[in-house]
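For the single chain, residues carry numbers from 1 onward in sequence order. Remember, it's 1-based here, ligands and their atoms both numbered in the order they're listed.
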Amino acid sequence: MTTINRPFINIAKPLIAEEEKRAVLEVMDSGMLAQGPRTEAFEKAFAEYIGVKHAVAVNSGTAALIVALQAHGVGPGDEVITSPFSFIATATSIIACGAKPVFVDVDPFDLNLDPNRVEDAITDATKAIMPVHIFGHPARMTEIAEICEDNGLALVEDAAQAHGTEQDGRRAGSWGSGCFSFYPTKNMTTGEGGIVTTNDDEVARMSRIIRHHGQERRYYHEYFGLNWRITDLASAIGLVQLGHLESWNEARIANAAALSAAITAVETPKVREGARHVFHQYTVRVTGDRDAFQARLQEAGVGSAIHYPVPIHQQPIIRQLGFGEADVPVAEAAAQAVLSLPVHPSLSPDEVAYIADTVNRVA
Ligand SMILES: *Cc1c(COP(=O)(O)O)cnc(C)c1O
């Protein structure tokens, strides 16, 4: 076995350069620290990037989900159909609105909400469908949007991993109301931050109100809102990052292509025809002892992570709250098999080759 004389390859690496630092210093010098002109500029630029009329920036991806759901009128007594194979915030945002998450199984192809199973889960209480574009691969949005249309349901996309994801040339976050996260590991970051994208004037108006304590006029509170505002410091970082997003996405896509061309020992991620997968995560599926495989990768200097080891309906708090009932064998099996490998834009071609070789060698 070759000795490792290379730096450990981390699963994620936020890219922050001088430009971001300068942008933050400018905001500090301006004295406008809270939501202000940079946020307005960031919202305009992000809406344009996604191809929608409005974007409303907030202080996390979780906040974006809560604000969008409430802006669509989701509240106590309502049900929201979503994927169990996601990060916990997909479901806790629904619960935070007083509504019930209803878990429908995923498609084994892309591990996204299976549209063929959605209609059976619709009841009189269903208010919205929330697909997740897991790992940056688009959910089957044409079919899901049609189901929403036919049944008069709101469509809220958890696009927290999908900055630049497309289906048939249309970006994630433009089918319904999109909710993005700018957490440091995402395809672009603002430190903490999030944004709601929408073409719906009323959803945009309500999102702005809900973000700001439910007021349109200062100190007159007509709606239920909290403080979900982003800082101008974060928005200034976001403006710079957005300018790099496409080149970073292209680097992720190229890294993923190189990995998939070279990896033979495990099942590599698939991309549906017409889909643009932006590889927030490059997630393989392994048979056999995943923990031992992960330990051997670590030993060889390759970071990895399990997204996600437990499907949402089986999480202790979700069971405790009474939302654990779900018939989702595909999601349960996926949780046992998935393993994410480094795919981030700062990997060198040599590192990408080393990751693939190592996977093949230690699998
Ligand atoms: C990151 C993430 C969120 C939450 O975003 P935060 O900015 O961390 O609050 C929600 N859903 C999914 C699928 C995510 O990956």
Side-chain angles (χ1 to χ4, degrees), residues 11-12 14 42 46 55-70 74 80-97 101 103-104 106 110-113 128-139 141 144 155-165 172-173 176-197 207 211 226-231 233-235 237-238 241-242 252 269 277-283 305-313 315 317-318 331 334-335 338 340 343-344:
I11 180 79
F42 181 43
F46 199 83
V56 181
V58 291
N59 48 32
S60 72
T62 308
L65 290 166
I66 294 171
V67 167
L69 287 166
Q70 290 183 346
V74 172
V80 178
I81 293 170
T82 193
S83 167
F85 190 72
S86 184
F87 179 60
I88 190 77
T90 300
T92 46
S93 61
I94 295 167
I95 298 168
C97 298
F103 301 106
V104 166
V106 295
D110 60 6
L111 303 180
N112 280 319
L113 194 61
I129 301 178
M130 189 201 279
V132 183
H133 307 292
I134 200 76
F135 307 142
H137 188 288
M141 293 312 293
I144 293 170
L155 175 52
V156 177
E157 303 171 58
D158 183 338
Q161 306 186 355
H163 319 66
T165 293
S177 294
C179 303
F180 293 83
S181 163
F182 302 123
Y183 185 72
T185 58
K186 310 287 166 147
N187 288 27
M188 60 173 281
T189 186
T190 62
E192 296 277 8
I195 206 163
V196 177
T197 56
S207 295
R211 161 177 77 176
L226 290 165
N227 175 4
W228 303 116
R229 296 183 307 265
I230 197 169
T231 65
L233 300 160
S235 294
I237 299 171
Q241 293 260 314
L242 183 58
R252 284 176 182 274
H277 186 342
V278 295
F279 291 97
H280 169 60
Q281 299 295 352
Y282 180 89
T283 304
I306 296 166
H307 303 111
Y308 296 90
V310 180
I312 297 177
H313 68 291
Q315 294 287 356
I317 186 60
I318 301 299
V338 287
S340 303
V343 73
H344 55 79

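Relative to atom 5 (O) of ligand 1, the option among Ala63, Ala89, Ser181 with the closest non-hydrogen atom is Ser181.
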#### Entry: Pair Thr82-Leu113, side-chain contact (heavy atoms from CB on, under 4.5 Å): steps then yes or no
CA-CA 7 Å; Thr82 193; Leu113 194 61; 5.8 Å; no

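Side-chain contact annotation: His133 with Thr165, donor-acceptor N/O pair under 3.5 Å absent.
Panel note: side chain Thr197, backbone Gly173; a donor-acceptor pair is recorded below 3.5 Å.
Interatomic distance, Ile129 CD1 to Ile144 CD1, rounded to the nearest 0.5 Å: 7.0 Å. Expressed to the nearest 0.5 Å, how far NZ of Lys186 lies from CZ of Phe180 amounts to 11.5 Å. Atom CG of residue Leu111 and atom OG of residue Ser83 lie 8.5 Å apart, to the nearest 0.5 angstrom.
Close to ligand 1: Ser86, with a non-hydrogen atom less than 4.0 angstrom away. In this structure, Lys186 counts as a contact residue of ligand 1, since one of its heavy atoms falls inside 4.0 Å of the ligand.
Atom 11 (N) of ligand 1 has its closest protein heavy atom at Asp158 OD2, 2.8 Å. Annotation: atom 12 (C) of ligand 1 to nearest protein heavy atom, Ala160 CB, 3.4 Å.
The shortest N/O to N/O separation between Thr62 and ligand 1 falls below 3.5 Å.
Taking every non-hydrogen atom of Gly61 and a distance limit under 4.0 Å, the qualifying atoms of ligand 1 come out as 5 (O), 6 (P), 7 (O), 9 (O).
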